[in-house]
Amino acid sequence: MKTQVCIIGGGPSGLMLSQLLHLKGIDTIVLEKHSREYVLGRIRAGVLEHGFAELMREAQCGERMDREGEIHDGFEISDNGALTRVDLHKYSGGSSVVVYGQTELTRDLYDARDRMKGTVIHNVEDVALHDLNTTTPPYVTYRDGDEIVRIDCDFVIGADGFHGPSRKAIPKDVLTEYEKVYPFGWLGVLSRTKPVNPELIYAKHDRGFALCSLRSQVLSRYYIQVPLSDTVEDWSDADFWDELKKRLPAEVAERLETGPSIEKSIAPLRSFVAEPMRWGNLFLAGDAAHIVPPTGARGLNSAASDIYYLYHAMVDHYLKGDDTGLDQYSQKALARVWKAQRFSWWMTTMLHTFPDSIAYDRKLQDTDLAYLFSSEAALSSLAENYVGLPF
Ligand code: APR
Ligand code: PHB
């Protein structure tokens, strides 16, 4: 097979890029390790920054998001039971976020790829990348049963998530990896209940952090900070609701509607960046190159700028013969990635309970929040990062 851009990974990053390039007449093939059912069965986060929502529209995939997603102009922070609202709209100069599940967004992207007869090949095994940095064009191989299939291309996009093979194809002496692992995870529960609050509540509490989020007016998503040693089996639904209530303001806990969990999982919190994001004709995008803890809702949103830069760089290459965007990709993408890292680290550090923290650190955490609520400049800084820095 032959294509212009071979994209490894059928998550939101790979699908979005494939769709955008298709609309400019650039041919892609997307290779995905899992079945579509598996990919669409994964429960992911649900806050989209303004710029990502715009990309969805540009990709002609924004219709359902605009119909079913909710515009949020703010969120609440609870500090040991005391609630303060962060007015995102006011402090970001009129911007907002869209609450729309990443799973639904991925479904919309798959539907669009189908509609436009895009090639997305599922269940590919043993994907391998070849000739990425030689004088001959690159190619990708995968196994289909007993057969090895070869795809010749101009460029390879590694959009295969944190565990995929693309990043590993870059030689160790070229790649630098920066990593920070937090000493806790988030236990998440999805339930068919009315959300406890119209807006998200990020709750700092001595017992540990909690988050009240939602997918719709009948579907709630809640999280609590748990030790890394905990497993899902350690937490019955009843235990989860009891613990969540303890970390929320009394008036919120009182109106919390509980019900059976329809999904329950634990995710460890990790910050990770790989540099550079380009090696020869390989370009990394999204989780393949960087991971953030979910506290600042930056995961998908830091993938958005990678896709935006790559999309424009490819269009300039194919339609104008201009390679400046490709040459500047890694540097430009990483500059924004590190800002998302900083913001996610700051939100995580300010709001969680660290098992080995010293009294001095806890005082600083409290002061960070007190300063935030006392300073319009600090609130503006939070808001501009949360709604998304410009691409
Ligand atoms: N071959 C082909 N596909 C692969 C391989 C492989 N060897 N390994 C992994 N993949 C696929 C995964 O199955 C997954 O569907 O690559 C896809 C990567 O998708 P994501 O992990 O969703 O990453 P990305 O598209 O960059 O999206 C970033 O997802 O994890 C969240 O917080 C993150 O919200 C962010 C978003
Ligand atoms: C979610 O709804 O899953 C969610 C929302 C905000 C976050 C993290 C997760 O910061």
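Indexing begins at 1, ligand by ligand and atom by atom, following the structure's order.
Interface of Pro165 with ligand 1, defined as ligand atoms under 4.0 Å from a residue heavy atom, comprises 6 (C), 7 (N). Per-residue contacts place Ile8 under 4.0 angstrom from the following atoms of ligand 1 (heavy atoms of the residue considered): 1 (N), 2 (C). Heavy-atom proximity to Gly11, at under 4.0 Å, picks out these atoms of ligand 1: 15 (O), 17 (C), 19 (O), 25 (O). Atoms of ligand 1 found under 4.0 Å from any heavy atom of Gly164, numbered from 1 in the order shown, are 8 (N). Atom numbering of ligand 1 starts at 1 in the shown order; those under 4.0 Å from a heavy atom of Val127 are 1 (N). Taking every non-hydrogen atom of Leu31 and a distance limit under 4.0 Å, the qualifying atoms of ligand 1 come out as 2 (C), 3 (N). Interface of Val47 with ligand 2, defined as ligand atoms under 4.0 Å from a residue heavy atom, comprises 5 (C), 6 (C). Close contacts of ligand 2 with Gly46, meaning ligand atoms under 4.0 Å from a residue heavy atom, involve 1 (C), 2 (O), 3 (O). Of all the atoms in ligand 1, the ones that sit under 4.0 Å from a non-hydrogen atom of Gly299 are 32 (O), 34 (O), 35 (C). Near Leu200, with a cut-off below 4.0 Å to any heavy atom, the atoms of ligand 2 are 5 (C), 6 (C).
Considering only non-hydrogen protein atoms, atom 30 (O) of ligand 1 sits nearest to Asp287 OD2, 2.6 Å. From the protein, the heavy atom lying nearest to atom 3 (O) of ligand 2 is Tyr223 OH, 2.5 Å. When hydrogens are left out, the protein atom nearest atom 6 (C) of ligand 2 is Tyr202 OH, 3.4 Å; that is the closest non-hydrogen contact. Counting protein heavy atoms only, atom 8 (C) of ligand 2 is closest to Pro294 O, 3.3 Å.
Between Asn385 and Arg342 there is a side-chain heavy-atom pair separated by less than 4.5 Å. In this structure the side chain of Val39 never reaches within 4.5 angstrom of the side chain of Thr103, judged on heavy atoms. The side-chain heavy atoms of Arg255 and Leu248, taken from C-beta on, include no pair separated by under 4.5 Å. With contacts defined as side-chain heavy-atom distances shorter than 4.5 Å, the pair Asp160/Lys33 does not qualify.
For the pair Gly14 and ligand 1, the shortest N or O to N or O distance does not fall below 3.5 Å. Checked by distance only, ligand 2 and Arg44 stay at 3.5 Å or farther apart across all their nitrogen or oxygen atoms. The shortest N or O to N or O distance between Glu32 and ligand 1 is under 3.5 Å. For a threshold of 3.5 Å applied to N or O pairs, the pair formed by Leu300 and ligand 1 contains at least one separation below that value. Annotation: Ser213 places an N or O atom under 3.5 Å from an N or O atom of ligand 2; distance criterion only.
The option from Gly9, Ala159, Gly46 that lies nearest to atom 18 (C) of ligand 1, judged by heavy atoms, is Ala159. Counting heavy atoms only, Ser13 comes closest to atom 27 (O) of ligand 1 of the residues Gly286, Ser13, Ala297, Pro293.
When heavy-atom distances to ligand 2 are checked against a 4.0 Å cut-off, Thr295 comes that close only through its backbone atoms N, CA, C and O. Under 4.0 angstrom from ligand 2, the non-hydrogen atoms of Trp186 all belong to its side chain. When heavy-atom distances to ligand 2 are checked against a 4.0 Å cut-off, Ala297 comes that close through both its backbone and its side chain. Residue-level proximity to ligand 1 for Arg44 is carried by the side chain, the only part with a heavy atom below 4.0 angstrom. Contacts between Val292 and ligand 1 below 4.0 angstrom, taking non-hydrogen atoms only, are absent altogether.
Ring geometry, Phe155 versus Tyr318: the interplanar angle exceeds 60°, so the pair is classed perpendicular (tilted spans 30 to 60°). Ring geometry for Phe240 versus Trp235: interplanar angle over 60°, hence perpendicular rather than tilted (30 to 60°). Using a 30° and 60° split on the angle between ring planes, Trp186 and Tyr223 fall in the tilted class, from 30° to 60°. Between Tyr386 and Phe75, the ring planes lie tilted relative to each other; the angle falls in the 30° to 60° range.
Considering OG1 of Thr193 and CD1 of Ile262, their distance stands at 8.5 Å, rounded to 0.5 Å. Between the CZ atom of Arg85 and the CG atom of Leu379 there is a distance of 11.5 Å, given to the nearest 0.5 Å.
Taking 4.0 Å as the cut-off, Ala45 does not count as a neighbour of ligand 1 on heavy-atom distance. Heavy-atom distances between Ile43 and ligand 2 stay at or above 4.0 Å for every pair. Ligand 1 is never approached by Met16 to a heavy-atom distance shorter than 4.0 Å. In this structure, Arg215 counts as a contact residue of ligand 2, since one of its heavy atoms falls inside 4.0 Å of the ligand.
Under the 6.0 Å cut-off for aromatic ring centres, Tyr182 and Trp345 do not qualify, their centroids lying 6.0 Å or more apart.
At most 12 non-hydrogen atoms from other residues, nucleotides or ligands lie less than 6.0 angstrom from CD of Glu63.
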- Query: When you look at Phe209 and His205, which way does the ring pair (Phe, Tyr, Trp, His ring centres under 6.0 Å) test go after all the steps?
  - Reply: CA-CA 6 Å; Phe209 170 81; His205 195 279; over 10 Å; no
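Just one residue in the list Arg336, Lys339, Lys332, Glu49 forms a side chain to side chain donor-acceptor pair (under 3.5 Å) with Ser305, and that residue is Arg336.
Under the 6.0 Å distance and 45° angle rule, Arg278 does not count as a cation-pi partner of Tyr329.
Leu310 approaches Ala285 most closely through the heavy-atom pair CD1-CB, 4.0 Å.
His34 and Glu32 share no donor-acceptor pair across their side chains, judged by distance under 3.5 Å alone.
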